[in-house]
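This report concerns only the one structure given below.
Per chain, numbering begins at 1; letters A, B, ... match sequence-line order.
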Protein chains: 2
Amino acid sequence: MRPVRDALDLLGGKWKLPIIVGLLHGPKRFKHLQREVAGITAKMLSKELKELEQNGLLVRHVEAEGVPVAVTYTLAEYGEQVFPVIEALRVWGQLHRARIMQAASAPTEAAT
Amino acid sequence: MRPVRDALDLLGGKWKLPIIVGLLHGPKRFKHLQREVAGITAKMLSKELKELEQNGLLVRHVEAEGVPVAVTYTLAEYGEQVFPVIEALRVWGQLHRARIMQAASAPTEAAT
DNA sequence: CAGAATCCCTTGGGATACTG
DNA sequence: CAGTATCCCAAGGGATTCTG
């Protein structure tokens, strides 16, 4: 149980996992990432990225110092390791969706 | 991504997963479960159990109507399916612990 | 025992405006 | 573009007390 709590401490909350998902397919810029993670505000994204970076899950890289500065975020190896967690969630989430659909289309006993 | 969000909606938060872990090894009474899930208050446990039951993850069963009434909570098959998620979290959590330990005992480059 | 009720504080997080 | 700063509300969650 303890390891599970540890993981939950680092990956818990509304945004951590979705952000990691957004970075699974390669580095992304701040703005791009914000578009990827539907609904997140700049404030939250900034805050969460900071935490994920501090825990070594991802790496922040300043690409260009120009006036419109360019920064990219890349998943660290350590961050990529959470992939199985995401996969497990995805599988269960699909199971859930199927379950809901079925319940809606087959009110065999309950309703009436 | 959508399925992941769905799963997060049902399993997210501080207590849902720990409660499910507590029920993995068989049915438990309210009080027993509260002891199992370190730190949870009766209020939270009650609230979370209600939500988990409504989503079909577990089943509430009144064993005895006596004065000291007895109620047990059992993981439904649907709830057992989240086991892979918990396992993935546990594995990652252990990886994390190992990483922290190593960082603390081997300040090779960084420190000094 | 199993939980509901009340009170209250803390945190998450959205909106908007501003800066390097 | 990549954030930061401020304001502010709603939800999360703890402590305590009460009841069937």
Side-chain angles (χ1 to χ4, degrees), chain A residues 1 4-5 7-23 26-55 57-75, chain B residues 1 4-23 26-55 57-76:
Chain A
M1 176 73 251
V4 178
R5 288 302 283 261
L8 254 25
D9 284 345
L10 293 193
L11 304 175
K14 192 176 177 181
W15 302 114
K16 299 266 165 53
L17 267 325
I19 288 173
I20 292 176
V21 171
L23 288 174
K28 285 206 173 47
R29 311 259 300 254
F30 188 91
K31 201 86 184 195
H32 188 178
L33 196 47
Q34 188 178 357
R35 256 175 268 124
E36 198 87 349
V37 182
I40 197 170
T41 60
K43 173 184 160 188
M44 274 301 115
L45 183 53
S46 172
K47 199 189 95 190
E48 302 284 277
L49 285 174
K50 221 170 279 175
E51 293 178 19
L52 288 171
E53 190 193 358
Q54 279 169 4
N55 289 317
L57 300 219
L58 54 79
V59 175
R60 188 185 116 113
H61 191 219
V62 179
E63 298 287 343
E65 292 280 9
V67 179
V69 57
V71 176
T72 62
Y73 291 88
T74 310
L75 220 52
Chain B
M1 175 73 252
V4 178
R5 287 302 282 262
D6 288 347
L8 253 27
D9 284 345
L10 293 195
L11 304 176
K14 193 177 179 181
W15 301 114
K16 298 264 165 55
L17 266 326
I19 288 173
I20 292 175
V21 171
L23 288 175
K28 287 208 173 49
R29 311 259 300 254
F30 188 91
K31 200 84 184 196
H32 188 178
L33 196 48
Q34 188 177 359
R35 258 176 264 124
E36 199 89 345
V37 182
I40 197 170
T41 60
K43 173 185 160 187
M44 273 303 114
L45 183 54
S46 171
K47 199 191 95 190
E48 302 284 275
L49 285 174
K50 220 170 281 175
E51 292 178 20
L52 289 171
E53 190 194 357
Q54 278 170 4
N55 289 319
L57 300 218
L58 55 79
V59 175
R60 189 186 116 109
H61 190 220
V62 179
E63 299 288 343
E65 292 279 11
V67 179
V69 57
V71 177
T72 63
Y73 291 89
T74 310
L75 220 52

- Task: Indicate the atoms forming the closest heavy-atom contact of A:A38 with B:R5, along with that distance.
- Result: O-NH1, 4.0 Å

- For atom CD of B:E51 and atom C1' of D:dG12, their distance in whole Å: 11 Å

- Message: Distance check needed: C:dA2 P versus B:L33 CG, whole Å only.
- Response: 10 Å

- Item | A:I19 CD1 - C:dG12 P separation (whole Å) | 14 Å

- Message: Nearest whole Å is fine: how far is C:dG12 P from A:W15 CH2?
- Response: 14 Å

- Query: Should A:R29 be listed as having a side-chain N or O under 4.0 Å from OP1 or OP2 of D:dA2?
  - Reply: yes

- Atom-to-atom span, NE2 of A:H32 to P of D:dC1 - whole angstrom: 12 Å

- Message: For B:L8, run the side-chain contact (heavy atoms from CB on, under 4.5 Å) check against B:L10, B:D6, B:V4 and tell me which one passes.
- Response: B:V4

- Whole-Å distance, B:M44 CE to D:dG13 P, equals 6 Å

- Below 4.5 Å, heavy atoms only, C-beta onward: do A:F30 and A:V71 meet side chain to side chain? no

- Rounding to 0.5 Å, atoms CE (A:M44) and CG (A:L49) come to a distance of 11.5 Å

- Task: Please state how far atom CD in A:E53 lies from atom P in D:dA2, giving the value in whole angstrom units.
- Result: 15 Å

- Say you draw a straight line from NZ of A:K47 to CD1 of A:I40; how long is it, rounded to the nearest 0.5 Å? 9.5 Å

- Nearest whole angstrom, please: distance from the P of D:dG12 to the NZ of A:K14. 10 Å

Every protein N/O lying under 3.5 Å from an N/O of nucleotides 3-7 of chain D:
residue, atom, partner, partner atom, Å
D:dG3, OP1, A:R60, NH1, 2.3
D:dG3, OP1, A:Y73, OH, 3.4
D:dG3, OP2, A:Y73, OH, 2.4
D:dT4, OP1, A:K50, NZ, 3.2
D:dT4, OP2, A:S46, OG, 2.5
D:dT4, OP2, A:K50, NZ, 3.3

- Are A:E36 and B:M1 side-chain neighbours, meaning at least one heavy-atom pair lies under 4.5 Å? no

- For DNA chain C, whose closest nucleotide is more 5', that of A:V69 or that of A:E48? A:E48

